[in-house]
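To keep things clear, I will list the structure first and then write my remarks on it.
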Protein chains: 2
Amino acid sequence: MPTMKEVASRAGVSLKSVSRVVNGHPNTSAEVREKVERAIAELGWRPNTHARSLRTGRTGLIALSVPDLRTSSASHLAQALVSEAERQGLRVAIEPSHGRAERVRRTLDACGASFDAVVHVGALPAGIDPASLDPAHPVVLVRAAESLEQAWADAPPEAAADGPARDAADEPAGNAAGATGGSRTPRDGAAAASLDSVDTDSDASARAVHHHLRTVGRSRVVILGREAGAADGFTRALSRAFADAPVLRPSHTADRAAGRELAAQALAAAPASDALVCAEDELAIGALSLLHERGIAVPGRIAVTGHGNIDDGQFTTPTLTTIDLGLPSLARHVVEQVRARLDGDRSPARRIVLRARILRRESTLGLGGIGPTGAVGGAAGIDPDLGPGSGSGPSPAPDPAAAADRGPEEAPWLG
Amino acid sequence: MPTMKEVASRAGVSLKSVSRVVNGHPNTSAEVREKVERAIAELGWRPNTHARSLRTGRTGLIALSVPDLRTSSASHLAQALVSEAERQGLRVAIEPSHGRAERVRRTLDACGASFDAVVHVGALPAGIDPASLDPAHPVVLVRAAESLEQAWADAPPEAAADGPARDAADEPAGNAAGATGGSRTPRDGAAAASLDSVDTDSDASARAVHHHLRTVGRSRVVILGREAGAADGFTRALSRAFADAPVLRPSHTADRAAGRELAAQALAAAPASDALVCAEDELAIGALSLLHERGIAVPGRIAVTGHGNIDDGQFTTPTLTTIDLGLPSLARHVVEQVRARLDGDRSPARRIVLRARILRRESTLGLGGIGPTGAVGGAAGIDPDLGPGSGSGPSPAPDPAAAADRGPEEAPWLG
DNA sequence: TTGTACGCGTTATCAA
DNA sequence: TTGATAACGCGTACAA
């Protein structure tokens, strides 16, 4: 491997000139630049990342701290983040925490040594004080599909406004915060006060679900939430949007097995309910599986909604109405925020709130649909079979069993 | 951040002594060691990975080259690999290739600069010559759920034995190669000849599926394979095991949408078939969704099998009979192989062949099961409802629609 | 057994 | 605009 020194001597210039050309510094003559570039090409020189790291203290590596990569929401977020990081010349290492604070702590501690920054999904574990973190090694919180966190405090606006920890709230994708109305004020939880974060507006999402379900005539709602604890921001947003709805939470992780269990509990506790609103697609898919097993028509008797828009939701029967988080945009903001901090931005913690959108699918609309109820997802191929004309999807032969269910499907919530 | 120099002066010893203690070199007196360790503790010194990297040329980072992290098989493999790497003091960066050879090439080229080694899932893209890779930066191929590759050549044994590229075949988990019988001989494809690999024995897996389907009386099989190309080793193993079965392949990726399409094609092309054998769980789940939509009983009229044992297979209706790849063990072998190469092992390319096992579930057994047909999965909680006593699963209330289907379910393949 | 001194490849300071 | 030179923190011949 040739070094810069060899490049320099071959080009007949000094080491520093090579460095200047390589790093694109402004004050270099075209002549020198050309000589250096030729020498680099001839020698096949490539920068030594190790030496560069030693010098700059940077690795170009971002850690993604996530509880479990195997969940769809985590792997989707990871893929989005990796793609975006690569676009911006960074790499991503995965650090699964298995939900244990000590693992998160270790990842955070390794920042500066192995990573330039940590992107942490969800809230910081309770035992970790954000003030103890070195500001030179940025930590960005992401509160999205995997774990929405206390995003909007329940405190009255004046109290929130008085608080010293009030952050700048940006709304890059439409003025989300403004649109939430005046009754609540954005305020970060204590753990997030001094940390950057990119969140989705969980209240707006919850209200979108609420509005949609009203549109399709559902009012007796049971919420299947996330486990109590750090990651239940959207769950609480749901319980605000559906003021009287009971909330069932899994004891551990919000996976499909939990979705089955909770759905069974919901049926037992509220037999007359007409909608299961889930804080996580995985829960919703588990719930669908139980409802199917029990012969309960979806959405005929019970509508189901999810959150996260994982791919699987397009292949369930019925397809799953859900909240799409706009992961590419989310990832872009995360990486940009990381880069800004890395570039020396020392401004107070920035809070970016993105707005999700609802994808109306069969688990609330039914197979035939109920006609256009607004935008039905802009992404290509997400909702190919949800046009107003019914039955023109990729399922040419109607399912007799589904047809049997469809009778009661259209009546109750159109009346 | 304190440096080793400061530690040395505080301990009253030389830099080299600190280095010795830190790196656990043998020739150090207990007295010096203790002094150094105290100084380290007092100063809170931690090694500077950047400096260490510059000196050693190592980063402790492994790249995982994978087409798309969002697929279940990829994220499961990634999680297993990350966990195992961490146990062995290494980290993993994710490098999605999106199936493009140039991306793989870039990852490979970055090896040595950013990574110590590359773990590549599937076969190397055609354009990449393994001989062109620097042996100092090991590349380990993994042919498992995501992409089984040409594992057992179709050439007759004598030809294979004559070939100069014959590798040492290990069978750490039972003598897989020995059990394949004499008719075929392990031989790596050209691309794999000079590269280490950890594979699963796809022929053994295929024969396990074949045997199980015979046991439950299925013989008119259609194979839903992976896309033609590099990653279709298990598909071809299936077509060997089921000699006369037609093989349908997706044009692009083997995902759920493809599973739906192929299932529809299979029904059209072979209406009398009684089993869909899929090379990928995702395909199988897509197929299940289509069959359900068409009101076709599974396994009543058609049995379905998958490959990979992704979590979702436990939550489909019916639950999915599949091949479990033993990812933790696979990951262990991969990381150990990487470490061996990193530690200077220059022996010829090693081939490790692991044996998968079949998990018999409802998509071939039916809800009631057909009595014990062998081990039904050892992992806790994988097959909770598959005991010989029927109907004791987590579904207390029978699904009327399923009950209607169940009539023909039990007869055809018990006779 | 311990210490000295050098080199790894790069970036940055400062004088020319 | 350019160039000599000093770090960056650690590992390791080599000498003691």
Side-chain angles (χ1 to χ4, degrees), chain A residues 1-37 39-40 43-61 89 110 112-116 134 136-137 342-344, chain B residues 1-40 43-60 89 110 112-114 116 136-137 342-344:
Chain A
M1 264 295 162
T3 74
M4 276 176 61
K5 199 184 243 169
E6 300 175 53
V7 172
S9 71
R10 179 160 180 91
V13 300
S14 82
L15 201 55
K16 177 60 189 170
S17 294
V18 178
S19 174
R20 279 210 185 83
V21 171
V22 166
N23 295 16
H25 281 210
N27 292 341
T28 43
S29 70
E31 185 199 6
V32 169
R33 155 161 296 130
E34 201 201 340
K35 281 198 288 185
V36 168
E37 276 165 355
I40 287 178
L43 262 44
W45 174 86
R46 292 191 337 193
N48 180 318
T49 45
H50 300 142
R52 198 169 260 184
S53 284
L54 176 60
R55 223 12 243 193
T56 62
R58 296 243 146 81
T59 33
L61 193 65
S114 303
F115 319 118
D116 295 347
D134 181 354
H137 303 126
L342 250 23
D343 289 348
Chain B
M1 264 293 164
T3 76
M4 275 176 60
K5 198 183 242 168
E6 300 175 54
V7 172
S9 72
R10 179 159 180 92
V13 298
S14 82
L15 203 56
K16 175 62 188 169
S17 295
V18 178
S19 174
R20 279 212 184 82
V21 172
V22 167
N23 294 18
H25 282 207
N27 291 340
T28 44
S29 71
E31 185 199 6
V32 169
R33 156 161 296 131
E34 202 200 340
K35 281 199 289 189
V36 168
E37 277 167 353
R38 181 166 35 237
I40 287 178
L43 262 46
W45 174 85
R46 291 189 340 189
N48 180 318
T49 39
H50 300 142
R52 199 169 260 183
S53 283
L54 175 59
R55 208 53 197 119
T56 62
R58 296 244 148 78
T59 39
S114 303
D116 295 347
H137 303 126
L342 251 21
D343 290 349

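We name chains A, B, ... by the order of the sequence lines, and we start the count at 1 in each one.
- In this structure, B/Ile40 places its CD1 atom 16 Å from P of D/dG9, rounding to the nearest Å.
- Under 4.0 angstrom from either OP1 or OP2 of D/dG11 there lies at least one side-chain N or O belonging to B/Arg52.
- Between the side chain of A/Lys16 and the base of D/dA4 there is no donor-acceptor pair of N/O atoms closer than 3.5 Å.
- Between the side chain of B/Arg20 and the base of C/dT2, a donor-acceptor pair under 3.5 Å is found.
- In this structure, the CG atom of A/Leu43 is 13 Å from the P atom of C/dG9, given to the nearest Å.
- Nucleic acid contact class of B/Val22 (heavy atoms, under 4.0 Å, all strands): none.
- Across the interface with DNA chain C, nearest-nucleotide mapping of A/Ala51 and B/Ser29 shows B/Ser29 to be the residue nearer the 5′ end.
- At least one side-chain nitrogen or oxygen of B/Asn23 sits closer than 4.0 Å to the OP1 or OP2 atom of D/dG11.
- A donor atom on one side chain and an acceptor atom on the other are found under 3.5 Å apart for A/Thr28 and A/Arg33.
- Not a single donor-acceptor pair under 3.5 Å links the side chain of B/Asp116 to the backbone N or O of B/Arg58.
- Protein atom CG of A/Asn48 is 19 Å distant from nucleotide atom P of D/dC8, rounded to whole Å.
- For the segment residues 4-14 of chain B, residues with any heavy atom less than 4.0 angstrom from an atom of DNA chain C are, sorted by number, B/Val13, B/Ser14.
- Residue contacts shown for A/Ser53 are absent, as no nucleic acid heavy atom lies under 4.0 Å away.
- Here D/dT2 presents its C1' atom at 18 Å from CD of A/Glu34, a figure rounded to the nearest Å.
- Within 6.0 Å of atom CD in B/Glu6, more than 12 heavy atoms from other residues, nucleotides or ligands are found, so the atom counts as buried in its surroundings.
- Judged purely by atom type and a 3.5 angstrom limit, B/Ser19 has no side-chain atom pairing as donor or acceptor with the backbone of B/Leu15.
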- Item | side-chain contact (heavy atoms from CB on, under 4.5 Å) evaluation trace for A/Val18 with A/Trp45 | CA-CA 11 Å; A/Val18 178; A/Trp45 174 86; 5.8 Å; no
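- Residue contacts shown for B/Arg55 include a base, since a base heavy atom lies under 4.0 Å away.
- In this structure, the CG atom of B/Leu54 is 9 Å from the P atom of C/dT10, given to the nearest Å.
- If you check every strand for non-hydrogen atoms under 4.0 Å, B/Ser19 touches a base.
- B/His25 places its NE2 atom 8 Å from the P atom of D/dG11, with the value rounded to the nearest Å.
- Phosphate contact (OP1/OP2 of C/dG3, side-chain N/O of B/Ser17, threshold under 4.0 Å): present.
- With the nearest nucleotide of DNA chain D identified for both A/Leu15 and A/Val32, A/Val32 has the one nearer the 5' end.
- A/Val7 is not listed as a side-chain neighbour of A/Val22, based on a closest heavy-atom distance of 4.5 Å or more.
- B/Thr49 contributes a side-chain N or O that, together with a main-chain N or O of A/Ala113, makes up a donor-acceptor pair within less than 3.5 Å.
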